[in-house]
There are 2 protein chains.
Amino acid sequence: MSSTHTHSKKSQSLTKNQKIVLNLLQNSGEALKAYSILDSLKKEGLKSPLQIYRALDKLVELGKIHKIESRNSFIVCNNSNCASNTVFAICERCGNVKEIKNSDLSEGVKELVKKNRMNVTRYNLEFFVLCKSCKTN
Amino acid sequence: MSSTHTHSKKSQSLTKNQKIVLNLLQNSGEALKAYSILDSLKKEGLKSPLQIYRALDKLVELGKIHKIESRNSFIVCNNSNCASNTVFAICERCGNVKEIKNSDLSEGVKELVKKNRMNVTRYNLEFFVLCKSCKTN
DNA sequence: CACCTTTATGTTATATTATTACATATGTAA
DNA sequence: TTACATATGTAATAATATAACATAAAGGTG
């Protein structure tokens with residue numbers, strides 16, 4: 001389970017489209033959907049879904065962003081070590097997504113992996129929560 | 001984190017479509033996609049996607065089946081207590097999905113939840129693995 | 001540099017996954 | 001029975017994602 005990877009040197013050499021998409025995600029600060037990204041980037045000259053998806057795929061591969069599987073959305077990586085193992089808290093009321101550092105999980109995960117004799121590449125954990133803001137309202 | 005639910009009484013009163021879909025999933029023993037289920041059930045008279053999705057939604061809600069979010073597929077619940085917290089091992093090579101009992105995880109999860117002061121409804125954990133069969137081949 | 005290979009781009013078309021809308025029917029409970 | 005919630009059938013369409021193909025730019029090696 002040492003499947004973490006640091007941001008590669010290549011991360012400095014992102015292509016034009018990759019930079020544009022990453023930039024949008026960084027500035028938005030929230031999870032965005034591919035077609036919403038496309039809408040936002042029409043003015044930058046990106047006009048086909050595939051241009052977005054290709055950039056997203058690459059950024060996911062590099063660990064710069066993550067896909068929120070249960071929502072088909074993408075969020076910038078907020079984890080200093082850029083682990084391929086991801087943990088998110090997703091508010092079921094407002095949809096807000098927050099990435100969680102996963103260190104506390106490692107013992108339990110190790111146990112589970114050992115007990116099930118799994119050959120794990122990576123994992124993704126999604127918590128469905130009621131976020132603070134939604135709880136108080 | 002006591003978010004487990006047992007199969008309700010209502011589970012015996014599944015509707016016709018729900019029974020048909022559940023039955024297919026039980027017999028197949030693997031994760032199936034909605035439109036593949038639809039194809040298989042044309043002979044049973046189910047002919048629209050919505051009939052499938054409605055049955056799937058209900059079965060998920062009842063905890064009889066689970067959705068594999070990263071694959072958009074559905075698998076019958078293999079967990080005796082039918083927890084709403086789910087753990088899967090998904091083979092990246094052959095796509096095979098296996099549900100894992102999650103007891104070993106609870107301590108780590110509790111820690112993580114406490115530390116992040118989360119209000120957790122449920123969680124879903126997906127391990128991406130190389131399964132035994134694929135490992136030996 | 002010249003050559004080759006890999007990776008990215010642009011574009012069109014299409015595949016896959018999922019929901020809206022609306023009319024009708026069925027189950028359940030007072 | 002009436003009322004209400006839940007399920008069904010059907011058609012249309014929305015949302016998400018990929019295939020295929022031509023071209024271009026980047027990176028390595030002689």
Side-chain angles (χ1 to χ4, degrees), chain A residues 8-25 30-75 90 92 95 97 124 126, chain B residues 8-25 30-75 90 92 95 97 124 126:
Chain A
S8 70
K9 290 283 169 55
K10 277 190 181 173
S11 64
Q12 271 129 356
S13 65
L14 292 178
T15 67
K16 189 190 110 225
N17 290 357
Q18 289 158 16
K19 275 181 203 154
I20 292 172
V21 170
L22 179 58
N23 213 264
L24 180 67
L25 281 167
E30 59 179 355
L32 298 178
K33 299 193 159 227
Y35 276 75
S36 129
I37 292 172
L38 177 57
D39 283 344
S40 301
L41 295 180
K42 289 260 166 76
K43 48 178 180 292
E44 315 275 349
L46 299 200
K47 40 192 169 192
S48 94
L50 197 44
Q51 291 176 300
I52 307 302
Y53 279 108
R54 286 200 281 223
L56 289 171
D57 286 352
K58 194 63 187 182
L59 291 168
V60 166
E61 189 190 320
L62 294 173
K64 312 286 278 182
I65 66 173
H66 305 298
K67 181 172 187 181
I68 312 300
E69 295 290 357
S70 64
R71 303 217 142 224
N72 302 316
S73 64
F74 299 85
I75 194 167
I90 302 161
E92 293 187 293
V97 177
N124 177 49
E126 296 185 348
Chain B
S8 69
K9 290 283 170 52
K10 278 191 179 171
S11 66
Q12 270 128 358
S13 64
L14 292 177
T15 66
K16 190 190 110 225
N17 290 358
Q18 290 159 15
K19 275 182 202 154
I20 293 172
V21 170
L22 179 57
N23 213 264
L24 179 67
L25 282 167
E30 60 178 356
L32 299 178
K33 298 192 159 229
Y35 276 75
S36 130
I37 292 172
L38 177 57
D39 283 345
S40 301
L41 295 181
K42 288 262 166 73
K43 47 178 180 294
E44 315 274 348
L46 298 199
K47 41 192 169 192
S48 96
L50 196 44
Q51 291 176 300
I52 307 301
Y53 279 109
R54 286 201 280 225
L56 289 172
D57 286 350
K58 193 65 188 182
L59 291 168
V60 166
E61 189 191 320
L62 294 172
K64 312 287 278 183
I65 67 173
H66 304 299
K67 180 170 186 181
I68 311 301
E69 295 289 358
S70 64
R71 303 218 142 223
N72 302 315
S73 63
F74 299 85
I75 194 167
I90 303 162
E92 292 187 292
V97 177
N124 177 50
E126 297 186 348

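In what follows, every heavy atom counts, from backbone to side chain, and hydrogens, waters and symmetry copies are set aside. Given the structure is predicted, the values throughout are model-derived calculations rather than measurements. So you know, we letter chains A, B, ... as the sequences are listed, proteins then strands, and number each from 1.
- Judged by distance alone, with hydrogens and angles left aside, the side-chain atoms of B:Lys19 form no donor-acceptor pair with the main-chain N or O of B:Ser13 at under 3.5 Å.
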Quick test: give all pairs of protein nitrogen or oxygen and nucleotides 17-19 of chain D nitrogen or oxygen below 3.5 Å, distance rounded to 0.1 Å.
| unit_1 | atom_1 | unit_2 | atom_2 | d |
| --- | --- | --- | --- | --- |
| D:dA17 | OP1 | A:Lys67 | NZ | 2.6 |
| D:dA17 | OP1 | A:Asn72 | OD1 | 3.4 |
| D:dA17 | OP2 | A:Tyr53 | OH | 2.9 |
| D:dA17 | N7 | A:Tyr35 | OH | 2.8 |
| D:dA17 | N6 | A:Tyr35 | OH | 3.2 |

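- Under 4.0 angstrom from either OP1 or OP2 of C:dG10 there lies at least one side-chain N or O belonging to A:Gln51.
- A donor-acceptor pair under 3.5 Å is absent between the side-chain atoms of B:Gln18 and the main chain of B:Lys58, judged by distance alone.
- Spacing between atom NZ of A:Lys33 and atom P of C:dT17 amounts to 15 Å, rounded to whole angstrom units.
- The separation between B:Ile68 atom CD1 and C:dA18 atom P is 12 Å, rounded to whole Å.
- Distance B:Arg54 CZ to D:dG9 P: 8 Å, rounded to the nearest Å.
- In this structure a side-chain-to-backbone donor-acceptor pair under 3.5 Å is present from B:Lys33 to B:Arg71.
- When the options B:Leu38, B:Val21, B:Leu24 are evaluated for a side chain to side chain contact (heavy atoms under 4.5 Å, CB included) with B:Leu32, the one that passes is B:Leu24.
- Taking atom CD on B:Gln18 and atom P on C:dT26, their separation rounds to 16 Å, with Å as the unit.
- The separation between A:Leu46 atom CG and C:dG10 atom C1' is 11 Å, rounded to whole Å.
- Comparing B:Thr15 and A:Arg71 by the nucleotide of DNA chain D that holds the closest heavy atom to each, the one mapping nearer the 5' end is B:Thr15.
- The two atoms that bring B:Ile75 and B:Val97 nearest to each other are CD1-O, 3.7 Å, heavy atoms only.
- A donor-acceptor pair shorter than 3.5 Å can be found between the side chains of B:Glu126 and B:Ser70.
- For the atom pair A:Asn17 CG and A:Glu44 CD, the distance stands at 10.0 Å (nearest 0.5 Å).
- Not one side-chain nitrogen or oxygen of A:Lys47 sits closer than 4.0 Å to the OP1 or OP2 atom of C:dG10.
- Following rounding to the nearest Å, A:Ile37 (CD1) and D:dA15 (P) show an atom-to-atom distance of 16 Å.
- Under 4.0 angstrom from either OP1 or OP2 of C:dA8 there lies no side-chain N or O belonging to A:Lys16.
- Remark: P of C:dA15 and CG of B:Asp39 are 14 Å apart, rounded to the nearest angstrom.
- Rounded to an integer number of Å, the gap from CD1 of A:Ile20 to C1' of C:dT9 is 12 Å.
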